[in-house]
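Bear in mind that the values here come from a model prediction, so they are computed numbers and not experimental data. Chain identifiers are assigned alphabetically (A, B, ...) following the order of the sequence lines, protein sequences preceding nucleic acid strands; residue numbering begins at 1 within each chain.
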Protein chains: 2
Amino acid sequence: MASTVTDNERSTPADRRSRLRPGKNGKLALGPLPDLVGYNLRKAQVAVFQSFQNAVAPHDITPGQFGVLIMIRENEGLSQSDLGTAVGIDRSTMVAVIDRLESRGLVVRAPSPNDRRSYALRLSPEGQTLMDDLIPRVQAHDQGMVKDLSPEEQVQFIDFLRRVSRSK
Amino acid sequence: MASTVTDNERSTPADRRSRLRPGKNGKLALGPLPDLVGYNLRKAQVAVFQSFQNAVAPHDITPGQFGVLIMIRENEGLSQSDLGTAVGIDRSTMVAVIDRLESRGLVVRAPSPNDRRSYALRLSPEGQTLMDDLIPRVQAHDQGMVKDLSPEEQVQFIDFLRRVSRSK
DNA sequence: TATTGTTATACTCTATAACTATA
DNA sequence: TATAGTTATAGAGTATAACAATA
């Protein structure tokens, strides 16, 4: 109560406003949020996501699209369904994802030689060129995100993240 | 090359299928992803998000909604715009967020005493009751996510996350 | 002039259900 | 019968631009 402006004290209109509308002038109270792992994880992820966008801005690729392109690159000929399973999204969702990458000329829906129901996905030459340029860029960006951690701390950090993922 | 099935070796139809359609039977290659901080951060966040949903399933509250409710609880009377700024979303986006919470009877749009353009947001009695029940539940869940880390490691982990957020 | 809440609009991500072609 | 891709549909989350009321 010590720092609260009471009715008996003088208060400017700004005081009154800031008392009644917290956040207009000062910071808002965060309650228990700053102590939650989930809250800090979310904030870190948002920071990395935004920084990623900046770092690869000229190519207009999201982290999710980068992941999909990597999977296609590393597993040429895989189907949309298998890709969806691998990255954790439904096959109906995958349709539009591949639509976008295909319309940008990065991915090719080739006919599958064994199964006429499915496509064999692969990178187009443009997609391969893009990824050859993008991968080192993304790796450099990723290193930049942990530049304030010592090499030992970086190893520990990734280890912690993996242990949290596994504790599901 | 040692483990690759060559044309001269016998290959069952399943062999052929798995060679041509990686992922159908075995795991897919992940390339450089597992070494990226961003990839592991994302995976950990997805794990925490899903676990959160399970933990508070009966209340049907997302982590984002929980954050909004906390901010309203801790800063009673704040406006939609200030709330949006605090949680990093546009005021036009905040409209539907508050719409949902209000239609569920958790949040009240009270008239602002100073500014007839804006609302003074507060929790309804039901919203307060919900949060009294939810907060310890969320804190317990959050602890569960790092149960495989020692107390010292948990402190370190949050410290790492904050440093990554700041390195933006 | 600037700000608050709102609406219209648009785009991404996400899913479920049902359809077609194929296995 | 089961599976792959697709479409229709729906909901959440996100934004920008413009508007009315108010500051």
Can you check the A:Q45 CD to D:dG13 P distance for me, whole Å? 16 Å

May I ask you to say what B:R91 touches in the nucleic acid, namely base, sugar-phosphate or nothing, with a heavy-atom cut-off under 4.0 Å? base

Give me the ring orientation class for B:F160 and A:F160: parallel if the planes are under 30° apart, tilted from 30 to 60°, perpendicular past 60°. parallel

With heavy-atom distances below 4.5 Å as the criterion, would you say the side chains of B:L33 and A:M71 are in contact? yes

In whole Å, I'd like the distance from the CD atom of A:Q80 to the P atom of D:dG5. 5 Å

How long is the line joining CZ of B:R100 and P of D:dG11, in whole Å? 11 Å

A:T93 side chain near C:dC13 phosphate (N/O to OP1/OP2, under 4.0 Å): no

For B:S81, report the nucleic acid contact type (base, sugar-phosphate, nothing); a contact means any heavy atom under 4.0 Å. sugar-phosphate

Regarding B:E126 and B:R104, does a basic nitrogen lie under 4.0 Å from an acidic carboxylate oxygen? no

In whole angstrom, give the distance that lies between atom CD of B:Q53 and atom C1' of D:dA12. 11 Å

Atom CG of A:D115 and atom P of C:dA21 are separated, to the nearest Å, by 15 Å

Taking the basic N atoms (NZ, or NE/NH1/NH2) and the acidic carboxylate oxygens, is any pair closer than 4.0 Å for B:D132 and B:R73? yes

Given atom CZ of B:R116 and atom P of D:dA20, what is their separation to the nearest angstrom? 18 Å

Can you find an N or O donor on one side and an acceptor on the other, under 3.5 Å apart, linking the side chain of A:S118 with the base of C:dT22? no

Interatomic distance, B:Q50 CD vs C:dT14 P [rounded to whole Å]: 11 Å

Could you state the CZ-C1' distance from B:F49 to D:dG13, rounded to the nearest angstrom? 10 Å

Taking only Lys NZ, Arg NE, NH1 and NH2, and the carboxylate oxygens of Asp or Glu, determine whether B:D142 and B:R137 approach each other closer than 4.0 Å. no

Side-chain-base donor-acceptor pair under 3.5 Å for B:R117 and C:dT3: yes

For the side chain of B:S92 and the base of D:dT16, is some donor closer than 3.5 Å to an acceptor across the two? yes

5′-ward residue of the pair A:D99/B:T62 relative to DNA chain D: A:D99

